[in-house]
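First comes the structure, then the notes that go with it.
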2 protein chains.
Amino acid sequence: MSNIYEIAEKVGLSPSTVARALSGKGYCSKESREKVLKAAQEMNYTPTHAAKTLKNKRTEKILFCIPDIYNPFYFGMIKGANDIFEKHGYYTLLCYTKHNIKEELRMIETLREKYGDGMILVSFNFCETNIKAVNESGMPIVLTNRYDSPHGNDNFDYVYVDTYKGIQLATRHLIEQGHDRIAFIGGNIKEQTSLERFKGWKDEMDRSGMKIDDRQVYVGDYTMDSGYACAELMMTRSNIPTGIVCANDLMAIGFIRYCNEHKIRIPDDISVVGMDNTDLAANISPGLTSIIMRQEEIGRNAATLLMERILDGRTYKKTIRLEPQLVVRESSRKK
Amino acid sequence: MSNIYEIAEKVGLSPSTVARALSGKGYCSKESREKVLKAAQEMNYTPTHAAKTLKNKRTEKILFCIPDIYNPFYFGMIKGANDIFEKHGYYTLLCYTKHNIKEELRMIETLREKYGDGMILVSFNFCETNIKAVNESGMPIVLTNRYDSPHGNDNFDYVYVDTYKGIQLATRHLIEQGHDRIAFIGGNIKEQTSLERFKGWKDEMDRSGMKIDDRQVYVGDYTMDSGYACAELMMTRSNIPTGIVCANDLMAIGFIRYCNEHKIRIPDDISVVGMDNTDLAANISPGLTSIIMRQEEIGRNAATLLMERILDGRTYKKTIRLEPQLVVRESSRKK
DNA sequence: CTGTTATGTGACATCGATTTCACTTTTATT
DNA sequence: AATAAAAGTGAAATCGATGTCACATAACAG
């Protein structure tokens, strides 16, 4: 609406003095300060963010990039991170990429333009192009996925819970309950995280000497509807599994919905294990056995690492790895 | 990393020419353009957002402010709005206020500093202070709540679904099913939206000649846990209702969870109606009767109105009101 | 071959807040 | 009273991209 020059004119002082009065830094007499503040109020003055940023090179904003807003998995991370950022007076701005690498790249570009001071990036499938973009931006970034760079030349921080191990826990749980036909509902294995999960299931099955065939592997997209669709497909086949490992809670919920609708009893007929231990897991019926993925902790740790880079100027890389944990509820039981 | 001056120096041209080469606007010879683009690439140049914004006064970013990230009600709105913004090359940045008016004000201030070009504001309790701040900012804003300003002097757009009517539909549905002891689980009526919902239930009960007492009204906070807690409290009392109207799906889900855990059959013992018709409503068991609140449509309309103000310079006020609608599922039936 | 238009380029002002520096006035110190 | 230190102020540079304007050169018309 107005700027410091207009205020300066109105109160008969120089813009420098107005700036000092408003910021409280540097010398400024009491009278001048009062006059300026009064005028600022009257003229409905607000500093222009862009001008401030251009000069001091800090936005005090953090970009938090998630693939999807429909998945409650991310909420905990956002909350955890936000708690930390808030303490430092930083704002968290959320953006979602719709599982689209192009969109992800656009957000990285936005960071690179210094629209924010740093970024927490939750990526399903961090591709070489985007890694390069992040590195070239020179901006602080924390990734919440494990990622082994083929060139080993990246310099961002990682905070993650081992999804591979998480799925292993889920699978082992069903094996320990005596199940021998165990199916896996995952995502497209072209995506890194989906591949990790798949491997977790496969390796654990192999280790226990279970025979696996392709028809035990179902591909969804982490939504409830896709879990439902996998159930539909599964039931058209013979030799129905007695245990299902789902790569996230949402797909497990969709799967269970199908079973409820078709009088398939859970856990009597089929045991189901989800992953992420979102709020829903405890609130649906039957309660869903799931894997705690420490979302809030990831968020807090990621935010802390980011603030270290932004405020303390740390330049070397840090990696934090957290352990997943099984929670048993009613959806799984001894065969 | 670098700026147009450094590029200018490197290629032996003036910053003006570099700017023209990069923007593609104005005259620039092919050789110059090529030299500049090559250098820009090599020097890893990215324009600085703040500098651009300071000059052209457009950020091409929209702030989308929601009270809470855990509530799936907002997702549809975000998606709908984002679809529109995307078409115009605008970015949607989400911020959440944790149901806190101070936080909401901070976001309004951020808009006022022109960190974004406009805002969609989903407020639970839009207070006078914040209304004033929005008005004084002079920035385009769309509210997704009904709000009757006591002074009638605001100038922002509204897009909303009538929550009052939504709850009326839910209540009438239970009445039509023959229920006569109908409880209401809502929010704190100090918040506008909670008050509207409460009135919807009360007025419909009155209209049908039902007697109401205070002990039929339960206060939650729109989370699943609070729905559970209300159920707990309800069951300690005598004269348990046979129909429950919940002010949103999440509380209904929490309520149902309690019932499942305590062998209270739904809908045989108690009929439950939720509100918002989130994805969950169809996916839990039993399927939850709910009220369609047209979230995506709200989002699309709100975004369209905002773009009208930003791109076409509309300055007068518009209000769009959408109708709620009942979806009957298994959680409610004839008494 | 002159006059006109189209191209290409650089100097410079601009957007608004911050900050350094020089200068003046006040206050404190011995 | 003399001197040092502190307080108050404004001019001007800065951050980086954009756009206007003046000027120069090229292309083109008659």
Side-chain angles (χ1 to χ4, degrees), chain A residues 1-37 39-40 43-61 109-117 137-139, chain B residues 1-37 39-40 43-61 109-117 137-139:
Chain A
M1 217 85 271
S2 56
N3 59 33
I4 54 165
Y5 299 93
E6 296 176 29
I7 296 179
E9 185 147 359
K10 176 156 182 187
V11 298
L13 288 163
S14 72
S16 322
T17 307
V18 172
R20 259 174 267 133
L22 290 169
S23 70
K25 290 181 205 159
Y27 294 116
C28 179
S29 70
K30 204 185 284 180
E31 306 121 83
S32 297
R33 174 166 298 119
E34 278 163 9
K35 262 197 289 181
V36 168
L37 293 179
M43 299 171 76
N44 189 19
Y45 169 79
T46 313
T48 301
H49 195 275
K52 275 182 120 102
T53 302
L54 184 57
K55 194 67 173 77
N56 28 277
K57 295 165 180 329
R58 289 177 305 110
T59 61
E60 293 177 343
K61 310 269 184 295
E109 292 297 335
T110 302
L111 178 69
R112 188 166 158 173
E113 293 173 0
K114 302 192 184 61
Y115 190 69
D117 294 346
S137 77
M139 301 292 288
Chain B
M1 216 88 268
S2 55
N3 59 33
I4 54 165
Y5 300 93
E6 295 176 30
I7 296 179
E9 186 147 359
K10 176 155 182 190
V11 297
L13 287 164
S14 71
S16 320
T17 307
V18 173
R20 258 175 269 133
L22 291 169
S23 69
K25 289 180 205 161
Y27 294 116
C28 181
S29 70
K30 205 185 282 179
E31 305 121 87
S32 297
R33 173 164 299 117
E34 278 163 11
K35 264 197 288 183
V36 168
L37 293 180
M43 298 170 77
N44 189 17
Y45 168 79
T46 314
T48 301
H49 195 276
K52 275 180 120 103
T53 302
L54 184 57
K55 196 66 173 74
N56 28 282
K57 296 167 180 327
R58 290 178 304 111
T59 61
E60 293 178 342
K61 310 269 186 292
E109 292 297 334
T110 302
L111 178 68
R112 188 166 159 173
E113 292 173 0
K114 302 195 183 58
Y115 190 68
D117 294 345
S137 77
M139 301 291 288

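All chains are named by letter (A, B, ...) in the order of the sequence lines, taking the proteins before the strands, and each is independently numbered beginning at 1.
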Name the pairs: protein N/O against N/O of nucleotides 23-29 of chain C, kept only if under 3.5 Å.
none

Do the side chain of A:Thr53 and the base of C:dA17 come within less than 3.5 angstrom through a donor-acceptor pair of N or O atoms?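 No, no donor-acceptor pair under 3.5 Å.
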Could you grab the distance from atom [atom1] of [X] to atom [atom2] of [Y], nearest 0.5 Å is fine?
| X | Y | atom1 | atom2 | answer |
| --- | --- | --- | --- | --- |
| A:Glu6 | A:Met43 | CD | CE | 5.0 Å |
| A:Glu60 | B:Thr110 | CD | OG1 | 10.5 Å |
| B:Lys35 | B:Ser29 | NZ | OG | 7.5 Å |
| A:Leu13 | A:Ile4 | CG | CD1 | 12.0 Å |
| A:His49 | A:Lys61 | NE2 | NZ | 3.5 Å |
| B:Thr53 | A:Glu113 | OG1 | CD | 8.5 Å |

Among [options], the nucleotide that comes nearest once only the side chain of [X] is considered:
| X | options | value |
| --- | --- | --- |
| A:Ala19 | C:dT18, D:dA17, D:dT9 | C:dT18 |
| B:Tyr45 | D:dA17, D:dA11, D:dT18 | D:dA17 |
| B:Lys25 | D:dG10, C:dA17, D:dG19 | D:dG19 |

Picking from B:Ile7, B:Val18, B:Val11, B:Leu22, what satisfies side-chain contact (heavy atoms from CB on, under 4.5 Å) with B:Leu37?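 Exactly one option meets the side-chain contact (heavy atoms from CB on, under 4.5 Å) with B:Leu37, and it is B:Leu22.
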How many whole angstroms separate atom [atom1] of [X] from atom [atom2] of [N]?
| X | N | atom1 | atom2 | result |
| --- | --- | --- | --- | --- |
| A:Glu113 | D:dT18 | CD | P | 10 Å |
| A:Leu54 | C:dT14 | CG | C1' | 12 Å |
| A:Asn56 | D:dC15 | CG | C1' | 9 Å |
| B:Arg20 | D:dA17 | CZ | P | 15 Å |

Measuring to OP1 and OP2 of [N], would you say a side-chain N or O of [X] lies under 4.0 angstrom away?
| X | N | result |
| --- | --- | --- |
| B:Lys52 | C:dC15 | no |
| A:Thr17 | D:dT9 | no |
| B:Tyr27 | C:dG8 | no |

B:Lys114/A:Thr46 under side chain to side chain contact (heavy atoms under 4.5 Å, CB included): CA gap, chis, key distance, verdict: CA-CA 9 Å; B:Lys114 302 195 183 58; A:Thr46 313; over 6 Å; no
Would you please name every residue forming a salt bridge (Lys or Arg N to Asp or Glu O under 4.0 Å) with B:Arg33, sequence neighbours left out?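 Applying salt bridge (Lys or Arg N to Asp or Glu O under 4.0 Å) to B:Arg33 gives none.
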With sequence neighbours left out, write down each residue that passes salt bridge (Lys or Arg N to Asp or Glu O under 4.0 Å) with B:Arg20, or none if nothing qualifies. none
Take the C1' atoms of the five end pairs on each side of the helix from C:dC1-D:dG30 to C:dT30-D:dA1, derive the two axes, and give their angle rounded to 10 degrees.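 Axis-to-axis angle, ends of the helix: 40°.
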At 4.0 Å (heavy atoms only), tell me whether A:Lys55 reaches a base, stays on the sugar-phosphate, or touches nothing.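 Base contact - A:Lys55 has a heavy atom under 4.0 Å of at least one base atom.
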What is the nucleic acid contact for A:Thr48, judged by heavy atoms within less than 4.0 Å: base, sugar-phosphate only, or nothing?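 The residue A:Thr48 makes sugar-phosphate contact but no base contact.
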Please list, by residue number, the residues of residues 28-35 of chain A whose heavy atoms come closer than 4.0 Å to an atom of DNA chain D; answer none if no residue qualifies. A:Cys28, A:Ser29, A:Ser32
Mind running a 4.0 Å heavy-atom check of residues 3-14 of chain B against DNA chain D and sending the residues that fall below it, in number order? B:Asn3, B:Ile4, B:Tyr5
Non-hydrogen atoms of B:Pro15 and B:Tyr5 that approach each other most closely: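 B:Pro15 and B:Tyr5 have their closest heavy atoms at CG-CD2, 3.5 Å.
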Closest non-hydrogen atom pair, A:Ser14 against A:Ala8: C-CB, 3.7 Å
May I ask you to test the B:Arg112-A:Asn44 pair for a side-chain heavy-atom distance under 4.5 Å? yes
